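Keep in mind the model is a prediction, meaning the values are calculated, not measured.
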Amino acid sequence: MALQFGQVEKRLERIEAMVEGLERRLWMTVYGVVAVILTQAVQGILEFAPKGG
């Protein structure tokens, strides 16, 4: 019985580690998308801004 619990615990630890990795990738993707959107917004503002000179 103790052996089975040990195996289940190891599996859970492995699954936890996988979920953490996925979560990290998800946040990196979210930050990347936000950065692209902000970059495009800034470029749009700069294009329509009155040019001095």
Side-chain angles (χ1 to χ4, degrees):
M1 201 67 172
L3 184 64
Q4 280 182 332
F5 278 125
Q7 287 177 340
V8 168
E9 197 172 329
K10 283 180 187 174
R11 278 189 195 157
L12 283 175
E13 285 173 6
R14 238 182 284 145
I15 290 170
E16 255 180 37
M18 284 172 56
V19 168
E20 282 179 19
L22 282 173
E23 192 177 1
R24 208 171 293 129
R25 278 189 220 152
L26 177 66
W27 281 115
M28 291 300 285
T29 304
V30 168
Y31 289 138
V33 170
V34 169
V36 168
I37 291 170
L38 287 176
T39 302
Q40 288 183 345
V42 169
Q43 283 178 345
I45 291 168
L46 291 177
E47 278 180 27
F48 291 111
K51 292 175 177 60

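- Between atom OG1 of residue Thr29 and atom CG of residue Leu22 there is a gap of 10.0 Å, rounded to the nearest 0.5 Å.
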Stepwise side-chain contact (heavy atoms from CB on, under 4.5 Å) check, Ile37 with Gln40: CA-CA 5 Å; Ile37 291 170; Gln40 288 183 345; 5.6 Å; no

Full working for side-chain contact (heavy atoms from CB on, under 4.5 Å) between Trp27 and Glu23: CA-CA 6 Å; Trp27 281 115; Glu23 192 177 1; 3.9 Å; yes

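- Taking NZ of Lys10 as the reference point, atom CG of Leu12 lies at 13.0 Å (rounded to 0.5 Å).
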Residue pair Gln43, Thr39: steps toward the side-chain contact (heavy atoms from CB on, under 4.5 Å) verdict: CA-CA 6 Å; Gln43 283 178 345; Thr39 302; 4.2 Å; yes

